Enquirer: 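Could you have a look at this structure, given as structure tokens, before my questions?
Only heavy atoms go into these numbers, but all of them, side chains included; no hydrogens, no water, no symmetry mates. Throughout, a chain's letter reflects where its sequence line sits, starting with A, and its residues are numbered from 1. All values reported here derive from a predicted model rather than from experimental measurement.
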There are 2 protein chains.
Amino acid sequence: MVDPSMLLERKGLKITPQRYAILKFLQHTTIHPTADEVIEQLNRDLPMTSRATVYNTLNTLRDVGLVHEVTHEAGVLRYDANIDPHHHFICSQCGKLEDLDWKLFGNLNHEALSAQCPVVENIEVIVRGVCRHCRNR
Amino acid sequence: MVDPSMLLERKGLKITPQRYAILKFLQHTTIHPTADEVIEQLNRDLPMTSRATVYNTLNTLRDVGLVHEVTHEAGVLRYDANIDPHHHFICSQCGKLEDLDWKLFGNLNHEALSAQCPVVENIEVIVRGVCRHCRNR
DNA sequence: ATCTCTCTTTAGAATAGATCTAGTTTGAGA
DNA sequence: TCTCAAACTAGATCTATTCTAAAGAGAGAT
Ligand SMILES: [Mn+2]
Ligand SMILES: [Mn+2]
Ligand SMILES: [Zn+2]
Ligand SMILES: [Zn+2]
């Protein structure tokens with residue numbers, strides 16, 4: 001796991017306590033938090049980050065490519081510091097959103113695609129279903 | 001293309017001029033309209049559908065499965081009357097959202113997936129890139 | 001050490017998409 | 001024709017996000 005300071009510096013962003021804390025939190029969670037969940041978590045112990053700064057920072061990190069927006073639920077915007085190619089699974093019962101390994105689906109970027117999409121920037125598979133935990137209850 | 005009246009009736013929904021018009025419009029467009037675009041189009045000639053009714057109707061149609069929500073852009077909620085399995089392509093330059101044929105990616109629902117997702121309800125591939133039109137300009 | 005300039009943070013106002021409310025209209029069935 | 005539940009409506013409300021304008025912070029210059 002790369003140090004947040006290094007990542008921020010590489011992108012030419014000043015290292016501030018708020019940016020450091022937000023990026024570090026996103027790096028260490030797997031829940032793909034919403035902006036509200038980021039605010040909640042950061043200010044749980046010691047309030048030090050305003051609502052506006054969380055939104056500003058998330059947008060800044062997204063602009064420089066350090067986090068990705070995950071937009072597969074109506075009205076819910078999540079953030080993901082895992083920027084390696086991967087897929088997502090959403091449980092329709094509990095709402096959990098999990099990573100799926102990139103290699104799970106083989107090579108998706110093949111010839112036939114270029115008819116409609118000559119330049120591919122990103123491919124992602126979204127799987128909706130019921131997770132193991134929800135199935136067994 | 002199935003008649004909207006028949007689809008509504010099958011789902012036990014009353015056939016109203018508003019529901020008929022909204023479903024018919026969605027059936028005949030390929031742009032995956034937002035709620036605002038539905039309102040705009042329906043009231044272009046003869047205003048007859050309120051904002052609240054468009055939202056109510058879209059939610060009703062979604063609840064009975066006659067339309068799907070398409071939620072792949074931050075803050076943008078689109079509607080799709082094509083409920084056959086298919087994938088989507090989004091052009092990062094012009095924002096166009098197009099259907100991709102289901103058969104384009106072969107069988108995605110294979111054994112390895114069931115480890116994390118024992119019950120699969122839906123699989124969809126999202127491709128982001130540059131469309132032919134935007135590439136050639 | 002002080003100044004300066006730019007970037008960052010902040011509280012609160014504003015915006016916009018979606019939902020809710022309460023009253024009205026509609027039409028199928030008695 | 002009457003009744004009643006479902007559907008429609010205008011406008012109020014809600015809520016996630018963005019905007020605004022002012023304060024803070026820090027790197028380099030003097
Ligand atoms: Mn992820
Ligand atoms: Mn579609
Ligand atoms: Zn679950
Ligand atoms: Zn394009």
Enquirer: Please state how far atom CD1 in A/I15 lies from atom C1' in D/dA27, giving the value in whole angstrom units.
Expert: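 The answer, rounded to whole Å, is 13 Å.
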
Enquirer: Look at all strands and tell whether B/T53 reaches a base, only sugar-phosphate, or nothing, counting heavy atoms closer than 4.0 Å.
Expert: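 The residue B/T53 makes base contact.
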
Enquirer: If you round to the nearest 0.5 Å, how far is CZ of B/R19 from OG1 of B/T53?
Expert: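 Those atoms lie 9.5 Å apart.
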
Enquirer: Which whole-number value in Å describes the distance from B/M48 CE to D/dA7 P?
Expert: 15 Å

Enquirer: For B/L13 and D/dA5, what is the distance between atoms CG and P respectively, to the nearest whole Å?
Expert: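 Taking atom P of D/dA5 as the reference, CG of B/L13 is at 19 Å.
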
Enquirer: In whole Å, I'd like the distance from the CD atom of A/E37 to the C1' atom of D/dA16.
Expert: 13 Å

Enquirer: Linking Ile, Leu, Val, Met, Phe, Trp and Tyr by side-chain heavy atoms under 4.5 Å, what else ends up with A/L46?
Expert: none

Enquirer: For nucleotides 16-26 of chain C, give me one character per nucleotide, 5' to 3': B if any protein heavy atom sits under 4.0 Å from the base, S if the only such contacts are to the sugar-phosphate, - if neither.
Expert: -SBBB------

Enquirer: Treating Ile, Leu, Val, Met, Phe, Trp and Tyr as nodes and any side-chain heavy-atom pair under 4.5 angstrom as an edge, say whether B/V120 and A/F89 lie in one connected cluster.
Expert: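 B/V120 clusters together with A/F89.
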
Enquirer: Once salt bridge (Lys or Arg N to Asp or Glu O under 4.0 Å) is applied, do any residues pair with B/E121, and if so which ones, sequence neighbours excluded?
Expert: none

Enquirer: CZ of A/R78 versus C1' of D/dT17: gap in Å, rounded?
Expert: 16 Å

Enquirer: Under a 3.5 Å threshold, yes or no: a donor from one side chain and an acceptor from the other, between A/T60 and A/T57?
Expert: no

Enquirer: Between atom CZ in B/R19 and atom P in D/dT9, what is the gap in whole Å?
Expert: 11 Å

Enquirer: Output the rest of the hydrophobic cluster of A/L13: all Ile, Leu, Val, Met, Phe, Trp and Tyr residues reachable through side-chain heavy-atom contacts under 4.5 Å, sorted by chain and number.
Expert: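 Other cluster members: A/V2, A/M6, A/L7, A/L8, A/I15, A/I22, A/L23, A/F25, A/L26, A/V38, A/I39, A/L42, A/V54, A/Y55, A/L58, A/L61, A/V64, A/L66, A/V67, A/L77, A/Y79.
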
Enquirer: For the helix from C/dA1-D/dT30 to C/dA30-D/dT1, what angle lies between the axis at the first five pairs and the axis at the last five pairs, to 10 degrees?
Expert: 10°

Enquirer: Answer yes or no: does a side-chain N or O of B/T16 lie under 4.0 Å from OP1 or OP2 of D/dC8?
Expert: yes

Enquirer: Hey, mind stepping through A/E9 and A/K11 against salt bridge (charged side-chain N to carboxylate O under 4.0 Å, His left out) and telling me if it holds?
Expert: CA-CA 5 Å; A/E9 193 173 12; A/K11 296 294 183 178; over 6 Å; no

Enquirer: For B/H133 and B/C131, indicate whether the former's side chain and the latter's backbone hold a donor-acceptor pair under 3.5 Å.
Expert: no

Enquirer: Which residues pass the ring-ring contact (aromatic ring centres under 6.0 Å, His included) test with A/H87, not counting sequence neighbours?
Expert: A/W102, A/F105

